[in-house]
Number of protein chains: 2
Amino acid sequence: MLTEKQRLDIHNSDVPVVCQSCEARHKGICGALSPEQLAFLGKHTTRTSFDRERELAANDTDIETYSNILSGVVKLTKLMADGRQQIVGLQFAPDFLGRPFAEQNVVSAEAATQVRLCSFPKWVIEEIIERSPRMERKLYQQTLRELDEAREWMLTLGRKTACEKVASFLLLVASHVDPEAQTQSGMVTIELPLKRADIADFLGLTVETVSRQLTHLRKRGVVEVVSSRSITVGSLYRLQAAAESGSDK
Amino acid sequence: MLTEKQRLDIHNSDVPVVCQSCEARHKGICGALSPEQLAFLGKHTTRTSFDRERELAANDTDIETYSNILSGVVKLTKLMADGRQQIVGLQFAPDFLGRPFAEQNVVSAEAATQVRLCSFPKWVIEEIIERSPRMERKLYQQTLRELDEAREWMLTLGRKTACEKVASFLLLVASHVDPEAQTQSGMVTIELPLKRADIADFLGLTVETVSRQLTHLRKRGVVEVVSSRSITVGSLYRLQAAAESGSDK
DNA sequence: CGACGCCTTGATCAACTTCAAATTTTGTGG
DNA sequence: CCACAAAATTTGAAGTTGATCAAGGCGTCG
């Protein structure tokens, strides 16, 4: 007995082998492509793995490739002349990485964890966008989602206290790792994709403050710090409360 | 002798009268439409004027219309349960207002100044998006621009000092009112579309701090406060410096 | 083991907020 | 056009939050 997916893959035997079990084809943008388009894309595909901290694209340089994130977390950062830094976005698999219709990068992209990418030359994506309205639609919708997230984060950066910021960050990670986490209120363990310095750059704080607020949340019993990269949350409901008012109760 | 524009308008005599001299057709999204599509859109168009402070769309309510901004400035805001507020975007004519592919508003939209809108029922825009890839492209590109701006602003919110924030705000307004202002370095007078309380909500500060930083910039000779809503900048270059380091020199 | 990177904790300090009040601007009706 | 009330802005003094500076602990990898 074949599952629907298997039948589909047999039927579309011209789907590149590397794409056949790729998450980007199911949840990501490649799902918008016909087998022929996928085959075309597959011809110009490069899969690469990057160590943590590796720069994937530098600010103010020409855009040469676009990518799908196969696994890992990518941070998008802005840097000021004097070294101040702000993370302006986190991207998770199977997000599309890159800014269509631009010549130059306006942010730099860096691997926050070990990252695997499936990359394509700029012209290939441009051609596919022109030929596949469904692909463009997928990209458009991801951009709208990113804009929603950026605006949500602006509220966090502009108006929340340090403690609320840290709680908001934990919630953000929880919801990306496990989209259902939003609703459930039970116990969850969150693997943090960022080190303290990155969390600070994401929250507009210093490392010291992030650390202090984390111990503060621990002492209040909202979280348990299993290890520096792993946090257990007793009740997401309480964490949510901490992200909006801090005062608890 | 006819200009090219006049010839075009005569040729396309089925272009709705209200659209013929509309900025949205030249710089905005309506430029993507054929005369027939424009005629269809024109049938379902409502032009309305709103006083300053009027709410145009409330958070957590169903989306019923989309609009083009004909004139004025619209602020997009997020509100926390305890009343803290953050402006997460400013939109200027001839921006498109509204979030495609969503059922509900995730921000509220409010007129910052007197605003004139050209509004369309939700289904009309949805139908046009399906039928006009050029329209979808325009919307996609505006969204990408907004995302770029949101990320730029995240750096401002997270990492800049109060003084740098105020200077950044003045630059932002200057560049939207007069796109060429970016390059020129001469004297410019900026009409502020927001009152102090709104500026504070945009910058993640308090009214008092905004006011103090403005007088600080005045005493440093970077700006001249003509009236509370009108600021003259001697050198945009110096203002730019103030937006990135504060220390001047 | 020892060095290095990362994280935490403590003490002090500066920036921004809060609270309070004065001053200016704006809008309205006579 | 003026007078007056309401709203917006500015200014001052005191209080908090988070930053900075400094030191120490933990874990990992050679």
Side-chain angles (χ1 to χ4, degrees), chain A residues 51-53 80 82-86 112-114 156-170 191-220 223-231 242 245-247, chain B residues 51-53 80 82-86 112-114 156-170 191-220 223-231 242 245-247:
Chain A
D51 288 338
R52 173 188 297 187
E53 307 289 271
M80 291 175 67
D82 59 4
R84 280 176 286 177
Q85 197 168 20
Q86 175 71 42
T113 63
Q114 176 84 10
T156 302
L157 287 173
R159 288 303 186 198
K160 294 191 184 175
T161 64
C163 185
E164 291 166 345
K165 284 179 175 181
V166 171
S168 300
F169 171 74
L170 295 177
E191 299 299 322
L192 302 182
L194 304 185
K195 61 183 177 184
R196 299 288 182 275
D198 286 336
I199 298 175
D201 281 343
F202 193 32
L203 295 172
L205 299 171
T206 60
V207 211
E208 294 93 329
T209 302
V210 171
S211 178
R212 269 187 261 270
Q213 297 307 326
L214 224 32
T215 56
H216 184 219
L217 285 172
R218 178 166 54 75
K219 284 179 181 164
R220 275 169 54 194
V223 304
E224 201 173 324
V225 182
V226 180
S227 79
S228 75
R229 287 291 194 119
S230 181
I231 305 274
S245 60
S247 52
Chain B
D51 288 338
R52 173 188 297 184
E53 306 288 90
M80 291 176 66
D82 59 5
R84 280 175 286 176
Q85 198 168 19
Q86 176 70 42
T113 63
Q114 176 84 11
T156 301
L157 288 173
R159 288 303 185 196
K160 293 190 184 175
T161 65
C163 185
E164 291 166 344
K165 284 180 177 180
V166 171
S168 300
F169 171 73
L170 295 177
E191 298 299 323
L192 302 182
L194 304 185
K195 59 183 177 185
R196 298 287 182 276
D198 287 337
I199 299 176
D201 281 343
F202 193 33
L203 295 172
L205 299 172
T206 59
V207 212
E208 295 93 329
T209 303
V210 171
S211 178
R212 271 187 259 270
Q213 296 308 326
L214 224 33
T215 57
H216 184 219
L217 285 172
R218 177 166 55 74
K219 285 181 181 163
R220 274 169 55 194
V223 303
E224 200 173 324
V225 182
V226 180
S227 80
S228 76
R229 287 291 193 120
S230 179
I231 304 274
S245 60
S247 52

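Every chain is numbered from 1, with letters handed out A, B, ... down the list of sequences.
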How close or far is atom C1' of C:dG27 from atom NZ of B:K195, stated in whole angstroms?
14 Å

Please state how far atom CG in B:L194 lies from atom C1' in D:dA8, giving the value in whole angstrom units.
14 Å

Would you say the side-chain atoms of A:E191 pair up with the backbone N or O of A:S230, donor to acceptor, closer than 3.5 Å?
no

Nearest whole angstrom, please: distance from the P of C:dC16 to the NZ of B:K160.
14 Å

For residues A:L192 and A:F169, report the shortest heavy-atom separation together with the two atoms involved.
CD2-CE2, 4.1 Å

B:E164 vs B:R159, side chain to side chain contact (heavy atoms under 4.5 Å, CB included): CA-CA, chis, key distance, verdict
CA-CA 9 Å; B:E164 291 166 344; B:R159 288 303 185 196; over 6 Å; no

Can you see if the side chain of B:T215 gets near the phosphate of D:dT10 - specifically, an N or O under 4.0 Å from OP1 or OP2?
no

Over all strands shown, is A:L214 touching base, sugar-phosphate only, or nothing at heavy-atom distances under 4.0 angstrom?
nothing

Kindly say whether B:E208 contributes a backbone atom to a donor-acceptor pair with the side chain of B:S211 at under 3.5 angstrom?
no

Please state how far atom CZ in A:R52 lies from atom P in D:dC29, giving the value in whole angstrom units.
11 Å

Select from B:E53 and B:T209 the residue whose nearest nucleotide in DNA chain D is closer to the 5' end of that strand.
B:E53

Of the candidates D:dT9, C:dC16, C:dT8, the side chain of A:R196 sits closest to C:dT8

If only side-chain N and O atoms of A:S211 are considered, is one of them under 4.0 Å from the OP1 or OP2 phosphate oxygen of C:dT8?
yes

Given that B:S227 and A:R229 both sit by DNA chain C, which one's nearest nucleotide is further toward the 5' end?
A:R229

Rounding to a whole Å, what distance do you find between A:H216:NE2 and D:dG18:C1'?
14 Å

Is the distance from OP1 or OP2 of C:dT9 to the nearest side-chain N or O of A:R218 less than 4.0 Å?
yes

Please report, rounded to the nearest Å, how far the C1' atom of C:dT23 is from the CD atom of B:E208.
15 Å

On DNA chain C, nearest-nucleotide positions of A:S228 versus A:R159: which is more 5'?
A:S228

For A:E53 and A:K195: C-alpha separation, side-chain torsions, deciding distance, then whether side chain to side chain contact (heavy atoms under 4.5 Å, CB included) applies.
CA-CA 11 Å; A:E53 307 289 271; A:K195 61 183 177 184; 3.2 Å; yes

With a 4.0 Å cutoff (strictly under), does any side-chain N or O of B:R212 reach OP1 or OP2 of D:dT11?
no

Round to a whole Å and report the spacing from CG of B:L157 to P of D:dG18.
15 Å

Rounded distance in Å - CG (B:L205) to P (D:dT17)
17 Å

